[in-house]
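Working notes for the structure below.
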Number of protein chains: 2
Amino acid sequence: MAKKVTIATVARYAGVSRQTVSNVLNTPEVVREETRRRVHEAVEALGYRANQAARQMRTGRSRLIATRIEPTRDGINGSVLDRFLHGLTEAAAGSGYRVILYTAADDEAEIATYEDLLGAYTPDAFVLASTHHGDARTSWLAARGMPFVTFGRPWDALDAHTWVDVDGAAGTEEATGHLLGSGHRRVAFLGWPEGSGVGDDRRSGWARAMAAAGLDVAGLAYVCEDRVAEAEAAVRGMLGAGEPPTAIVCASDSLALGAFQAARAANPDAPVAVCGFDDTPVARAVGLTSVSQPLEEAAAHCVRLLTRQIAGEDVDGQNTGGQQEDGAAAPERVLLRPSLVVRRSTT
Amino acid sequence: MAKKVTIATVARYAGVSRQTVSNVLNTPEVVREETRRRVHEAVEALGYRANQAARQMRTGRSRLIATRIEPTRDGINGSVLDRFLHGLTEAAAGSGYRVILYTAADDEAEIATYEDLLGAYTPDAFVLASTHHGDARTSWLAARGMPFVTFGRPWDALDAHTWVDVDGAAGTEEATGHLLGSGHRRVAFLGWPEGSGVGDDRRSGWARAMAAAGLDVAGLAYVCEDRVAEAEAAVRGMLGAGEPPTAIVCASDSLALGAFQAARAANPDAPVAVCGFDDTPVARAVGLTSVSQPLEEAAAHCVRLLTRQIAGEDVDGQNTGGQQEDGAAAPERVLLRPSLVVRRSTT
DNA sequence: TCTATCGTCTTGAACGTTCAAATCGCCATG
DNA sequence: CATGGCGATTTGAACGTTCAAGACGATAGA
């Protein structure tokens, strides 16, 4: 059972003091090159790794990023957050951070978890997904000066805090444009009931594209809950009515799958074109055209913005009040453009 | 900015010493009831939370469970591990543990990550999924005496270490039995190429059920890669041949979806019955009968077995060699029974 | 030559917790 | 009445790291 290798072990091996080893690892520029080399050799030879707990004790930094893992949703779109989580873990590791998970049934429970986590593991930052109107979590964290980033806009006030999001409207706009380019004129939109930021945003992209083409959208906007069966029923009704659309842009792959099934049932040979959102495995499997979010990129931005916030905390006194010359004080926003993956459901 | 609340703050507030506070929290039985009450009040009033880093320094325990998050697979079945991960996070929280994530491209990279993690964050245990023949990770961890559990059997030697798994064979057996009960006689199996533990296991359940019913399986076992398109092609061929099956049990929902599409295309009015595995969102959405794994339960068992291993470590010297009266030394195995979710694809 | 400065390295202290040992009062036992 | 033991609590030390301050020799400026 090999004894634990501490900084003292390395120091003895290299014939220097503890602090010199620490300096080699944290502030190499203050130590002579030859010494640095010797210490590195010792670290290598002994397989030394800085103990995170001890480091945290002294510095107050845990190099941990906390985020919530959601219960699998009904729908098909759950996989989006999982891909994001994977991207986050990778990006974090690239910056020397690890991701620690928690669950919470609702916002209130989540805030209780914050208190727990902050007391015990003291993560350096939080990543919040699934933002919504009147989100209580962000203000709680902001009030405590905790660094955090949301993946998803704060739908109430865009400049409230740092966030990363994907431009859903641009996605549906591109999808609609793609259909218009194929000759479609009656392009419908199947979305969620009004009031959800994400849903309303996606609808607006469709409306914008239609308007730009000089087309009337009256009677072409449909609404239902985010479930396959409901979408299927809705589209069945839509196609049986007087002047049915020839293409449908959907707010999610769940809706799109339902629409796709209804379309094929109504006319197996030349079904109505259907376009989904999120490019989930199902869309790939079924051959559904869909809007794809750059999740890995979004996750990388989250980590980048967080590390910047954390670093900014160190020089706290300077940022508040003075000229924000370095811009570290102003919350940053990143809006990424999704891309359209064209498959056979729109050809 | 409220000062940090430490054990010393609580001690002063309650008029006792540090150690007494520590005792109230860790070994309440040694402290007088009245004192205990006073300390609890102080903890409550000040919102005290034990600092994990400091605790870890002293005890060597981090109360962290490390597990890997996989890159999203091609298929549809990725959601299985995500549900498991969610269950794991919840179960861990229930036992006072948190889940910390890492990624790794392959086994070798994963082992490198172990060294990193063990040096820095020193998790108390690991949970490994996606076990396979000749898994190098388990022996590495075992050699270092690291507590770990795999979700998935060690396919080489069942008694090698502690594991939790779902009885895939029982699942396909039940699915096959369900189809036989509906009057089907020519029930085919569509699985993965031989050599994967999971796949071979699932095939064996089907074979068992067929044998029990006295049916011949010659020419009824099909094989293809785990992709929707390939399954679709395979089943198209199958149904065009001389004596086609009337029902197909599949090793995954990906395969089942492909089979389902081919079946409906071949005969929209009375398609061949199809049964999948994993009860993924897609199966739910499309109406595919599927075998459902009790993932939350599996995760809970993992945590239970881990905490037991961790606790067993403390009395290390006693367990080795002596009579294993308490059984803590022998690796435990848990095999859970999946359940069949019947939907319209088999009626 | 004396002092100041710089580069390099070392020493003591502290972070918050728990372990091990010591203290103290009290009661039972010989 | 001395001794021992027990229950309840306190005190000192240690975990491994980094910060703050200091030491030491060499070089430069007055």
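Per chain, numbering begins at 1; letters A, B, ... match sequence-line order. What you see below is based on every heavy atom in this structure, not just the backbone, and it leaves out hydrogens, waters and symmetry mates.
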Query raised in the report: Which residue, B:Tyr114, B:Tyr121, B:Phe148, B:Trp140, forms the ring pair (Phe, Tyr, Trp, His ring centres under 6.0 Å) with B:Phe126?
Result: B:Tyr114
Query raised in the report: Atom CG of B:Asp124 and atom CD1 of B:Ile310: how far apart are they, to the nearest 0.5 Å?
Result: 4.5 Å
**Report entry** 5′-ward residue of the pair A:Ile7/B:Thr35 relative to DNA chain D
**Finding:** B:Thr35
Query raised in the report: Considering only heavy atoms from C-beta outward, does the side chain of B:Thr138 approach that of B:Leu128 to under 4.5 Å?
Result: yes
**Report entry** Interface limits on DNA chain D, where chain B has a heavy atom under 4.0 Å of a nucleotide atom
**Finding:** D:dA8 to D:dG16
Report task. Would you mind checking if A:Arg49 and B:Asp116 are paired as a salt bridge, meaning a charged N to carboxylate O distance below 4.0 Å? Result -> yes
Query raised in the report: What nucleic acid atoms does B:Ala53 come within less than 4.0 Å of, heavy atoms only: base, sugar-phosphate, or nothing?
Result: nothing
Query raised in the report: A:Arg32 side chain N/O closer than 4.0 Å to the phosphate oxygens (OP1, OP2) of C:dG7?
Result: no
**Report entry** Ring center gap for B:Phe151 and B:Trp163 short of 6.0 angstrom
**Finding:** no
Report task. Not counting sequence neighbours, which residues clear salt bridge (Lys or Arg N to Asp or Glu O under 4.0 Å) with A:Asp107? List them please. Result -> A:Arg137
Query raised in the report: If you measure from CD on A:Gln52 to CZ on A:Arg61, what distance do you get to the nearest 0.5 Å?
Result: 11.5 Å
Give each protein N/O atom lying under 3.5 Å from an N/O atom of nucleotides 10-12 of chain C, with the pair distance.
{"residue": "C:dT10", "atom": "OP2", "partner": "A:Ser17", "partner atom": "N", "Å": "2.8"}
{"residue": "C:dT10", "atom": "OP2", "partner": "A:Ser17", "partner atom": "OG", "Å": "2.9"}
{"residue": "C:dT10", "atom": "OP2", "partner": "A:Thr20", "partner atom": "OG1", "Å": "2.7"}
{"residue": "C:dG12", "atom": "N7", "partner": "A:Arg18", "partner atom": "NH2", "Å": "3.3"}
{"residue": "C:dG12", "atom": "O6", "partner": "A:Arg18", "partner atom": "NH2", "Å": "2.8"}

**Report entry** Pairs meeting criterion side chain to side chain donor-acceptor pair (under 3.5 Å) with involvement of residues 83-103 of chain B, two or more places apart
**Finding:** B:Tyr102-B:Glu110
Requested in this report: Compute the angle between the rotation axes at the two ends of the helix from C:dT1-D:dA30 to C:dG30-D:dC1, each taken over five pairs, rounded to 10 degrees.
Outcome: 60°
Report task. Applying side-chain hydrogen bond (donor to acceptor under 3.5 Å, both in side chains) between B:Arg37 and each of B:Glu41, B:His40, B:Glu33, report the one that passes. Result -> B:Glu41
Report task. Could you pull out all residues at least two apart from A:Glu115 that satisfy side-chain hydrogen bond (donor to acceptor under 3.5 Å, both in side chains)? Result -> none
